[in-house]
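Please read all numbers here as calculations on a predicted model, not as lab measurements.
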Protein chains: 2
Amino acid sequence: MGDLERLVMEQLWAASTALTVREVHERLAGTRELAYTTVMTVLDRLAKKKLTERERDGKAWRYRAAAPREELAADLMRDALDRAGDRREALVRFVGQVSDEEAALLREALSRLDGQERTG
Amino acid sequence: MGDLERLVMEQLWAASTALTVREVHERLAGTRELAYTTVMTVLDRLAKKKLTERERDGKAWRYRAAAPREELAADLMRDALDRAGDRREALVRFVGQVSDEEAALLREALSRLDGQERTG
DNA sequence: AACATCTACTACGAAACGTCGTAGATGATT
DNA sequence: AATCATCTACGACGTTTCGTAGTAGATGTT
């Protein structure tokens, strides 16, 4: 994902509803002066990459993020982990790099797994 | 990192010592038929991206990975986490996606932190 | 001097991206 | 119906990254 693409995704994630091209364009106006069609192209490319989905709303399309921002982040973390040779080592390094707060969140998330023992 | 770049990095990670362009080229011979200069270019680009470092060895350069594979993986995990809006949520999703074995490794890595309470 | 080996520099095509313009369809307005 | 506003579809062009490699020139070897 390029920078502009990320910026656009952030608008979608920040919005509670699906947005039209025009809406995204407006929300970006403060940050970046872009042609309407530029936003359209980016949204379209994101859709082709399955990062956004779109539905009709009258004449226009409404786009929304295909997945929550946190899910994408989790997926990317997985991808990164998959590329490590030694997972244990990678996880140790990752954990060693994380802040205290994040470590606590991780423990919490792990303990949440205990009860349900992978029932999905 | 592109595919070829990754392939080359893998050679460096697999080797115990720094490798010359020729050595990388030879090790890749089974997998990919590449011109010697292609390997040279890739190695050079990787060096510019700080993914490899090089040192003189007579007339030739010897390249080695700037960081262990697992460290790069951990860094990428961090980057991914940093791009999540809600870290807690991202970590929960990440943990939920991980295999039982990986969860165990994570717990292990976290407990290892307990004793040293971030003394670095 | 001739040959082998390396690096440096250059190059070129493909793909991803940032950035838009134009054309044409459709709906609203006069 | 003619006009205007709003959208989309499609194409386009420059830049960067990457895969791929050739050529020139330096240097060491025979």
Side-chain angles (χ1 to χ4, degrees), chain A residues 1-13 15 17-66 72 75-76 79-80 83, chain B residues 1-13 15 17-66 72 75-76 79-80 83:
Chain A
M1 229 190 333
D3 291 341
L4 214 205
E5 291 181 331
R6 198 185 322 281
L7 198 53
V8 168
M9 284 305 293
E10 276 163 13
Q11 299 305 315
L12 298 182
W13 279 321
T17 60
L19 302 179
T20 61
V21 173
R22 182 149 306 278
E23 286 166 344
V24 174
H25 182 243
E26 278 162 7
R27 287 167 197 229
L28 247 37
T31 318
R32 278 282 261 284
E33 281 306 316
L34 292 171
Y36 176 90
T37 50
T38 298
V39 177
M40 202 175 68
T41 301
V42 171
L43 247 4
D44 192 54
R45 286 181 183 163
L46 288 170
K48 280 181 183 142
K49 282 190 277 191
K50 308 287 189 188
L51 286 170
T52 67
E53 290 168 352
R54 59 186 207 172
E55 68 203 33
R56 273 291 177 190
D57 178 12
K59 186 164 52 157
W61 290 105
R62 276 190 181 280
Y63 292 81
R64 59 191 145 63
L72 187 58
D75 287 348
L76 291 176
D79 291 347
R83 282 209 234 89
Chain B
M1 230 192 329
D3 291 342
L4 215 205
E5 291 180 333
R6 198 185 322 281
L7 198 53
V8 168
M9 283 305 294
E10 276 162 15
Q11 297 307 315
L12 298 183
W13 280 321
T17 59
L19 302 180
T20 61
V21 173
R22 182 149 305 280
E23 285 164 346
V24 174
H25 183 243
E26 277 162 7
R27 287 167 197 227
L28 246 37
T31 317
R32 280 284 260 286
E33 280 307 317
L34 293 170
Y36 175 90
T37 51
T38 297
V39 177
M40 202 174 68
T41 301
V42 171
L43 247 5
D44 192 53
R45 287 180 183 163
L46 288 170
K48 279 180 184 144
K49 285 192 275 191
K50 308 288 186 185
L51 286 169
T52 67
E53 290 168 353
R54 57 185 209 174
E55 67 203 34
R56 273 292 177 189
D57 179 11
K59 186 166 48 158
W61 289 106
R62 275 189 181 280
Y63 293 81
R64 60 191 143 65
L72 186 57
D75 287 348
L76 290 176
D79 291 347
R83 283 209 231 91

Among residues 44-52 of chain A, which ones have heavy-atom contacts with DNA chain D below 4.0 Å?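 Under 4.0 Å from DNA chain D: A/R45.
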If you take any heavy atom closer than 4.0 Å to DNA chain D, which residues from residues 29-41 of chain B end up in contact? B/R32, B/L34, B/A35, B/T37, B/T38, B/T41
Could you list the residues that satisfy side-chain contact (heavy atoms from CB on, under 4.5 Å) with [X], not counting sequence neighbours?
| X | value |
| --- | --- |
| A/A66 | A/E53 |
| A/R83 | B/R6, B/L76 |
| A/D75 | A/E71, B/Q97 |

B/D79: partners by side-chain hydrogen bond (donor to acceptor under 3.5 Å, both in side chains), with sequence neighbours left out: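 By the side-chain hydrogen bond (donor to acceptor under 3.5 Å, both in side chains) rule, B/D79 matches no residue at all.
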side-chain hydrogen bond (donor to acceptor under 3.5 Å, both in side chains) partners for B/E5, two or more places apart: B/K49
Table please: side-chain donor-acceptor pairs of residues 25-47 of chain A below 3.5 Å, with sequence neighbours left out.
| residue | atom | partner | partner atom | Å |
| --- | --- | --- | --- | --- |
| A/H25 | NE2 | A/L34 | O | 2.5 |
| A/T41 | OG1 | A/T37 | O | 2.9 |
| A/D44 | OD2 | A/K48 | NZ | 3.2 |

Contacts of B/K59 meeting salt bridge (Lys or Arg N to Asp or Glu O under 4.0 Å) (sequence neighbours excluded), chain-then-number -> none
Filtered N/O pairs between nucleotides 24-30 of chain C and protein, under 3.5 Å:
none

Does B/R22 make a side-chain N or O approach to OP1 or OP2 of C/dT5 shorter than 4.0 Å? no
OP1 or OP2 of C/dA8 sitting under 4.0 Å from any side-chain N/O of B/R54? yes
For a 4.5 angstrom cut-off between non-hydrogen side-chain atoms, does A/E23 reach A/Q11?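 No - every pair of side-chain heavy atoms lies 4.5 Å or more apart.
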Is there side-chain contact between A/V8 and A/Y63, with heavy atoms separated by less than 4.5 Å?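 No, side chains not in contact.
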For B/R62 and A/D3, take the nucleotide of DNA chain C holding the closest heavy atom to each; which residue's nucleotide lies nearer the 5' end? B/R62
Roughly how many Å is it from NE2 in B/H25 to C1' in D/dG19, rounded to a whole number? 14 Å
